[in-house]
Amino acid sequence: LIPVLLGDGSVVPIKITLGISGQEGHSRSAGIFQIGVQPVGRLAAASGTHHHAMHIGIIHEGNGFAALVLTADNDPLRELWQRIPLCLPAPFLRCERHLPIYFSDLGFGGEACCAMLSVAYGFGFDVVSAGEIYTVYKAGTDMKKVLFNGNNKSFDELELAIKLGVGRISVDNFFELTLLDEIAKSHKKVVDVLLRITPGIECHTHEYIQTGHLDSKFGFDLTQIDEAVDLIINNYRNLKLHGLHAHIGSQIFETSIYGDEIEILIKEIARLDEKFGLKLDEINIGGGLGVKYTETDCPPSTFTIAEIVIKRLYECIEKYRIDAPALFIEPGRSVISTAGVTLYTLGSSKQVPKGKMYVAVDGGMADNARPSMYQAEYTAQIANKPNYELAKTVTIAGRFCESGDILIKNIKLPEIEEGDILCVYNTGAYNYSMASNYNRVQKPAMVLVNNSQSDIIIKRESLEDLIAHDVIPDRLKQHD
């Protein structure tokens, strides 16, 4: 049994079953390498089955599944989707045209994961670019369930959102208000909008992923809201304001700040009603709920956050004497993070005299920029040696030409050798969406797994893919 860290901060024991055809410890000669996990105790009871096998990695070179591979699993998504609505009472699930949940990490899994999340689980989507709008559209999403967010939307992006029928546009600034109204007028449309506001809340997370504090690039300051509302009411007749939208950050472990955010939004809605006679009926509190990457992380559960939000919402509705607004949330990391793992193949190693031992893998900062960007930490194990004794402390280094390309520092692993498979947990959020072709290295494949079924949902890039958009001007070509 090994502990598995769930997105809600809980730890459950998991029984590992390992099947390898070929020589143990050498995946390249193994033919098929497969890890299954079987929940025991609480999670097994919750799943309603005695054997809830989840294959978290398949590596088979003949079929194109060769590490480096990112894998995604259906089961954590299904479990969390069933859990979230139970946290919210009926009055806040009443919005007919929208479900109250927007998924907010569109880079994960492309069209396949968008289709799964929207069709199978009913999520809407928080999108931030034309590429994300087009991805959810091509995946068959009901575009009324899509919210377009972002601090510098272009003319083309806003026009695409209008043409494809995006349900809500969260307006971030005065420039965007003017631009969006002009585009809407040219298309003879009235666009449904929210105002993205900066609530002035500073959460304890890395400064790069704080979004709700006053010194932020996102949203209208509280002192600017009246001017924005006045423009919408009296000048921008092609915009219809429905409510307020705010974010406070990402990877948040605190609980009280969500209650503070609720109070600020409800207080503003009540104030705008009194000043302008404006009946706003939606609030979107963003996401940001943290997950447990390592043993030192202690995020609150989904139920804990929901209890705080709903309790404070009821209190504020009574306090400020307004009708209950529709409540929207935007979980991203907390939904998808634990559903993904990355499988690396171990390569070279270096023992520094009287210092660290570095072990290199066939990926790194190009497929996971988070450790080098903001010191993110991860848990991992040698997947083909799950029951081996932990023998030494090593540092996992990436293959890219940067000294800062370090994935995990000082992790205890068994005796390792070239060809071992390192399974890094909780890589479902942001990793693939932030991936690059640094050093002209191809992006890895992504495989969706569900029990014993596996499907490639993003193909591994080829060398031809890398140069597909390169153009050599005629003047630089060699002529006879």
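Treat the numbers as computed from the prediction; the structure is a model and nothing was measured. Atom set for the values below is all heavy atoms of this structure, side chains included, hydrogens, waters and symmetry mates excluded.
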Next item on the list: Please name the pair of heavy atoms, one in Val191 and one in Ala184, separated by the smallest distance, quoted to 0.1 Å.
Entry: CG2-CB, 3.5 Å
Check: Which atom names give the shortest non-hydrogen contact between Phe220 and Ala228, and what distance separates them?
Finding: CE2-CB, 3.9 Å
Notebook entry, point to check: Do the rings of Phe400 and Tyr438 sit parallel, tilted or perpendicular, given the 30° and 60° boundaries?
Noted result: tilted
When you look at [atom1] of [X], are more than 12 heavy atoms from neighbouring residues, nucleotides or ligands closer to it than 6.0 Å?
{"X": "Phe174", "atom1": "CZ", "value": "yes"}
{"X": "Tyr137", "atom1": "OH", "value": "no"}
{"X": "Ile472", "atom1": "CD1", "value": "no"}

Salt-bridge test for [X] and [Y]: reply yes if a basic N is under 4.0 Å from a carboxylate O, no otherwise.
{"X": "Glu282", "Y": "Arg168", "result": "yes"}
{"X": "Glu176", "Y": "Lys153", "result": "yes"}
{"X": "Asp367", "Y": "Arg460", "result": "no"}

Sub-4.5 Å side-chain heavy-atom contact between [X] and [Y]:
{"X": "Met365", "Y": "Pro371", "result": "no"}
{"X": "Gln442", "Y": "Asp465", "result": "no"}
{"X": "Tyr134", "Y": "Ser129", "result": "no"}

Next item on the list: Would you check, one step at a time, whether the test side chain to side chain contact (heavy atoms under 4.5 Å, CB included) holds for Thr304 with Tyr258?
Entry: CA-CA 11 Å; Thr304 299; Tyr258 285 99; over 6 Å; no
Margin query: Please evaluate residues Ile283 and Leu313 with respect to the criterion side chain to side chain contact (heavy atoms under 4.5 Å, CB included), reporting the C-alpha separation (whole Å), side-chain torsions for both, the decisive distance (0.1 Å), and the verdict.
Written below: CA-CA 11 Å; Ile283 60 169; Leu313 191 50; 4.0 Å; yes
